[in-house]
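Scope of the values below: all heavy atoms of this structure, side chains included, with no hydrogens, waters or symmetry mates.
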Amino acid sequence: MKRHLGWLVLLSMAFASCEKLDQEPQATVTNEAVFSSETGLQLYANSFYDVLPTANDIHRGDAMADYAARTQVPDFLTPGAFSARQSTGWDWTKLRNINYFIANCNNPAIAPAVRNNYLGIARFFRAWFYFDKVQRFGDVPWISKPMAVNDQALYNGRDPRTLVMDSVLADLNFACANITTAADNSRSLITKQTAYAFKSRVCLFEGTFRKYQTGYNLGSSANTWLNEAASAANTVMTTGGFSLNTAGGPTASYRQLFTSQAPVASEIILAAVSDPALSIYNDANWWWTSATYGSRVSLIRTFVNTYLNEDGTPFTSKPGYQTMTFAQEVKGRDKRLQQTIRMGDYKRLNGGTREAAPPVFSYTYTGYQPIKWTLDDTYYDGGSRNINSISTLRYAEVLLNYAEAKAELGTLTDADWAKTVGALRQRAGITGGFATKPTVVDSYLQTKYFPNISDPTLLEVRRERGIELAFEGLRFYDIVRWRRGELMEMPWNGFYVPALNQPLDLNEDGVQNVAFYTTLPATRPAGVTYVNVAPTISSGTNPQQLSNGTSGELTWLNNVPRRWEEKYYLYPIPEADRLINPKLGQNPGW
């Protein structure tokens, strides 16, 4: 990280003469200095890293997801609240920097293999840049050269998705073939394995998008992309040297990946690394614990129900699961649940004292309060202080990309299942069902999430992806590629409350934590948080109620409409950019 910052400072100094907008953009003064040595290429290439999402982008990335209840309904899902005027993301500045490098990295004094290594890095970042754009907007202009400010091609229309994604794939193939760095222990640099891992993500997205988004008439090419996804993932699995982290056993190994200061090198492929020495922090604790700073995101009960029992059977096969209290329902489950939300004997460090930390209702609306990205010391709650590194790509995702691509192709074997989904479940302490593919459809999973999927293996792969990658910023575009946008309308439900004015001990430590009321009782036990679930409050309809009035699941914001429309699978082209270039057109429905 120190090396990166130093290079960026030097690069900004080298190109300072090009920064003023009232001067002619002349790069010839410094071109020779940069492109005539490997040091210059390395210095320039490190300016590409700002294409990657920041740590805060990643840990907040699933704030708009089907399994996330939050303070307010996103404008994107609120009827009439979002339009092309609010749309963002049509920014091409970073692309020109990459294209300028690609166009000028041709000095014959540098060995071809060295040049191609840095060209591979540049094209990796161009692929990342364009993949983000295609996911968001669909058709976009494919620009492969550094354009001058008076280039009329800047005002061309958008190119077809097929052209752009074929170009993205070509960039990734070049990166995979030519990047020479095989490993980076810091997990902050782009390596050959990073390129293959990212390629598996891109190709899985595009293959399933073409398969399920039938309105584009691209289904005939879906399998080509799925085969590319499986092949890229398999390369990482067989040559990357990665493995699932198992240190600490089933109750700790999963969460270590998200709370460690140094990336867990066995599993993390790429990370946004924190460094207190350089004052590089993230705000995960502040965002995930504050009642005012973040969006107070919590899991919903419908999703929590998808976590399997410890023996590998569906939780929803248990008689009476619908009316189990929080303390009852979280027992004997997939160990990732206790490493994703506050439950059981979870404790936090407060001023040097380790204290029980059940769900806090000044934050959570549903009772399922996330801990995945937070550090257990309350010191970190008060600002951008977090020192944990935030993973951008990890080996578990590659395993899931492989499993899903093979399941979609109909070629997933028992051996494939065992080394992907089976391995992930075994790491999570599940004791059954990890050696062979499932043969029975889970009716709850199918009914609630994927009614058009009848293949039990594919259903379970999707279950696994949701659980393993929860809150890692991938869920919204999983929903897009599966064409399951309707899931965004899912009720925001919380844990089951058996009765009003009945204090609940959420972590079974003998201390009562919370009670729910419509009329506040005169006598209340000390230390119990009372939550108002009356149908009406002074400001109107109460957004937090019980599903049956005096008992039932917590519900949140059901009085605020959320609506998914076909047009939401793509964002609108921002209105300001269309005014500059009307040839861009607009996405359907916007």
Side-chain angles (χ1 to χ4, degrees), residues 1-8 42 45-59 61 117-118 120-122 124-125 127-128 131 172 175-176 179-202 232-233 235-248 252-282 284 339 372-373 375 386-402 423-424 427 468-469 471-474:
M1 296 296 293
K2 294 176 183 177
R3 185 170 67 250
H4 292 172
L5 288 176
W7 285 335
L8 290 173
Q42 187 180 55
N46 278 275
S47 71
F48 303 148
Y49 280 79
D50 64 354
V51 169
L52 298 175
T54 67
N56 291 340
D57 290 336
I58 297 166
H59 79 71
N117 170 61
Y118 290 102
I121 293 171
F124 170 88
F125 280 107
W128 193 299
F131 181 56
L172 287 172
C176 291
I179 294 175
T180 56
T181 303
D184 163 53
N185 289 334
S186 76
R187 297 301 188 253
S188 63
L189 296 177
I190 303 305
T191 68
K192 182 181 289 288
Q193 298 300 328
T194 313
Y196 276 111
F198 183 62
K199 179 183 173 182
S200 75
R201 177 190 291 183
V202 171
T235 297
V236 179
M237 293 162 62
T238 55
T239 68
F242 296 100
S243 62
L244 295 177
N245 177 51
T246 57
S253 56
Y254 177 70
R255 188 163 175 250
Q256 281 178 359
L257 298 166
F258 314 107
T259 59
S260 297
Q261 180 175 347
V264 179
S266 61
E267 183 168 341
I268 303 300
I269 298 172
L270 181 67
V273 180
S274 295
D275 190 338
L278 295 173
S279 297
I280 299 174
Y281 304 99
N282 65 75
Q339 297 169 78
K372 182 167 175 174
W373 290 111
L375 300 176
N386 277 59
I387 59 173
N388 50 323
S389 294
I390 306 297
S391 63
T392 309
L393 276 168
R394 62 187 180 95
Y395 185 57
E397 183 198 342
V398 173
L399 295 181
L400 289 166
N401 292 345
Y402 179 83
L424 290 167
R427 192 254 294 269
E468 177 69 25
L469 302 179
F471 297 133
E472 295 185 45
L474 300 173

- Query: Residues in side-chain contact (heavy atoms from CB on, under 4.5 Å) with A175, at least two apart?
  - Reply: F124, I179, A195
- Sort and list the pairs that fulfil salt bridge (Lys or Arg N to Asp or Glu O under 4.0 Å) and have at least one residue in residues 49-58, not counting sequence neighbours.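 Non-adjacent pairs meeting salt bridge (Lys or Arg N to Asp or Glu O under 4.0 Å): zero.
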Would you say [X] and [Y] make side-chain contact, with heavy atoms under 4.5 Å?
X    : Y    : result
W128 : P53  : yes
R394 : E468 : yes
L189 : T181 : no

Atom pair [atom1]/[atom2] of [X] and [Y] - distance to nearest 0.5 Å:
X    : Y    : atom1 : atom2 : value
L400 : R201 : CG    : CZ    : 12.0 Å
L424 : L244 : CG    : CG    : 5.0 Å
L393 : F242 : CG    : CZ    : 9.5 Å
Q261 : L375 : CD    : CG    : 9.5 Å
S266 : L257 : OG    : CG    : 7.0 Å
I269 : E397 : CD1   : CD    : 8.0 Å

Exercise: identify the closest heavy-atom pair between [X] and [Y]:
X    : Y    : result
A55  : I390 : CB-CG1, 3.5 Å
V273 : S186 : CG2-O, 3.7 Å
Q339 : Y254 : OE1-N, 3.2 Å
A284 : N386 : CB-ND2, 3.6 Å
S391 : I268 : CB-CD1, 3.5 Å
S188 : Y49  : O-CE2, 3.3 Å

- Indicate the ring-plane relationship of W373 and H59, choosing parallel, tilted or perpendicular according to the 30° and 60° boundaries.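 Taking H59 first and then W373, their aromatic rings sit tilted (interplane angle of 30° to 60°).
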- Okay, side chain of S274, backbone of N388: is any donor-acceptor separation there less than 3.5 Å? yes
- Note on the structure: Across all chains, not counting sequence neighbours, the salt bridge (charged side-chain N to carboxylate O under 4.0 Å, His left out) partners of R187 are none
- Item | Step-by-step side chain to side chain contact (heavy atoms under 4.5 Å, CB included) determination, F258 to F471 | CA-CA 11 Å; F258 314 107; F471 297 133; over 6 Å; no
- Task: Using the side chain to side chain contact (heavy atoms under 4.5 Å, CB included) rule, take N245 and Y395 through it: C-alpha gap first, then chi angles, then the decisive distance, then the call.
- Result: CA-CA 9 Å; N245 177 51; Y395 185 57; over 6 Å; no
- Query: Cut-off 3.5 Å, side chains only: do Q193 and T239 have a donor facing an acceptor?
  - Reply: yes
- Query: Would D184 and T191 count as having a side-chain donor-acceptor pair, cut-off 3.5 Å?
  - Reply: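 Absent: no donor and acceptor within the cut-off.
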- Item | side chain to side chain contact (heavy atoms under 4.5 Å, CB included) between L172 and F131, intermediate numbers included | CA-CA 11 Å; L172 287 172; F131 181 56; over 6 Å; no
